[in-house]
There are 2 protein chains.
Amino acid sequence: MSPTHTRVTTPPADLDPCGREEHPDCGIRDVLDRIGDKWSVLVIVELARGPRRFRELQRAVDGISQRMLTLTVRRLERDGLVLRTVYPTVPAQVDYRLTDTGAGITHLVKALADWSLAHRAAIAEARHAYDLAHPGHDIR
Amino acid sequence: MSPTHTRVTTPPADLDPCGREEHPDCGIRDVLDRIGDKWSVLVIVELARGPRRFRELQRAVDGISQRMLTLTVRRLERDGLVLRTVYPTVPAQVDYRLTDTGAGITHLVKALADWSLAHRAAIAEARHAYDLAHPGHDIR
DNA sequence: CCGAATCCCAAATGATACTG
DNA sequence: CAGTATCATTTGGGATTCGG
């Protein structure tokens, strides 16, 4: 039959913009603002393999500009995920390593990567089908 | 001694842009491009609580514009994470729900949220300390 | 080697008005 | 209600140059 229930949800979404009850909306924004950018995760992944110097990181991440690497590691340092150590040699030498907190995030990253690999094919297929069904409809 | 190798980077970055060896870099980019934007995760979280109509979603997510909600759900639909159903009533009625694939991603999101909540305080503190130690140094 | 400073472009998002 | 169309703005990020 047809849906007879008129009111559907319409909860008081005004109060408490964060997560009332138990759903985790708000916390999520926090993480995503931190690792959702273009490079942070890749840097974390590389650092998860061991301490790295600046140039090593730049070579490993492949494609990152000097400016973005600087910004990325600085933000990670600011959030306490990465420890930055400067050796007053000449020329300068700086190494980066994950803090304990930063190391903990690698588990999440791993889970993300696993899920992605597991569903990559399905997603690609869905996209292909969508694009066939909606020619000229550009939403990218 | 000094580094005798003159050439610095400029490697054949064209070949194998993805991850050689076994590290999962590439897959990660895939997921992040999908859920790393400003709204996708919030929409997914809301849909995880049950099917929603367009307006319901907009009210629930709180802050999202009509335009961005449209774009977000369209992309999720394209990737096969969300199923969009149009009822040819008047006025129009459309509902959105997670596909099985989309539902599976909620576990990741949950893990992300949990981690975030668990470390939120530590991160806030780290930021505060950093900002105190680096006054006027804006890296946001 | 490790950055900071500057300039500039492209993409993401927001605001607003209009429509079936 | 559920969008589409435009325009304005903000943001992310690349290229280049300079300095310790």
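Residue numbering restarts at 1 for every chain, and letters A, B, ... go by the order of the sequence lines.
Atom CZ of A/Phe54 and atom C1' of C/dA4 are 11 Å apart (whole Å). Atom CG of B/Asp138 and atom P of D/dT11 are 11 Å apart (whole Å). As rounded to whole Å, 14 Å separates atom C1' of D/dG3 from atom CD1 of B/Ile64. For the pair B/Gln93 CD and D/dG3 P, the computed distance is 11 Å after rounding to whole Å. Residue A/Tyr87 contributes atom OH, which lies 18 Å from atom C1' of C/dG3 at whole-angstrom precision. The interatomic distance linking A/Asp33 (CG) with C/dT13 (P) rounds to 11 Å, in whole Å. Residue A/Asp62 contributes atom CG, which lies 15 Å from atom C1' of D/dG14 at whole-angstrom precision. As a whole-Å value, the separation of A/Leu42 CG from D/dG13 P is 11 Å.
With A/Arg29 contributing its side chain and B/Lys38 its backbone, the two residues share a donor-acceptor pair below 3.5 Å.
The phosphate of D/dA2 has neither OP1 nor OP2 within less than 4.0 Å of any side-chain N or O from B/Arg55. At D/dC1, none of the side-chain N or O atoms of B/Tyr96 fall inside 4.0 Å of OP1 or OP2 (strictly under the cut-off). Taking 4.0 angstrom as the limit, B/Lys38 places a side-chain polar atom (N or O) nearer than this to OP1 or OP2 of C/dG14. Proximity of B/Arg52 to the phosphate of D/dA2: no side-chain N or O atom is located under 4.0 Å from OP1 or OP2.
For the pair B/Arg127 and A/Asp79, the salt-bridge criterion is met [side-chain N within less than 4.0 Å of a carboxylate O].
Going from atom CZ of B/Arg59 over to atom CD of B/Glu46 covers 11.0 Å, rounded to the nearest 0.5 Å. Taken to the nearest 0.5 Å, the OG atom of A/Ser116 stands 8.5 Å off from the CG atom of B/Leu32. Atoms CD1 and OG1, on A/Ile64 and A/Thr72 in that order, are 4.5 Å from each other to the nearest 0.5 Å. The CG atom of B/Asp33 lies 11.0 Å from the CZ atom of B/Arg75; values are rounded to the nearest 0.5 Å. With values rounded to the nearest 0.5 angstrom, A/Leu57 atom CG is found 5.5 Å from A/Leu69 atom CG.
The nearest heavy atom of DNA chain D to A/His137 and to A/Ser65 marks one nucleotide each, and the one closer to the 5' end goes with A/His137. Residues A/Asp37 and A/Ala92 both approach DNA chain D. Their nearest nucleotides, taken by heavy-atom distance, put A/Asp37 toward the 5′ side.
Closest to the B/Arg53 side chain, of the nucleotides C/dG14, D/dC1, D/dG14, is D/dC1.
Within a 6.0 Å radius of NE2 in B/His134, more than 12 heavy atoms belonging to other residues, nucleotides or ligands are found. In this structure, B/Glu125 places its CD atom where only 12 or fewer heavy-atom neighbours from other residues, nucleotides or ligands lie under 6.0 Å away.
A/Phe54 and A/Tyr96 have tilted rings, their planes meeting at an angle from 30° to 60° on a 0 to 90° scale.
For the helix from C/dC1-D/dG20 to C/dG20-D/dC1, the terminal axes (five pairs an end, C1' atoms, rotation from four pairs onto the next four) enclose an angle of 40°, given to 10 degrees.
Listed by residue number, A/Gln66, A/Arg67, A/Thr70, A/Arg74 are the residues of residues 66-75 of chain A with a heavy-atom contact under 4.0 Å to DNA chain C.
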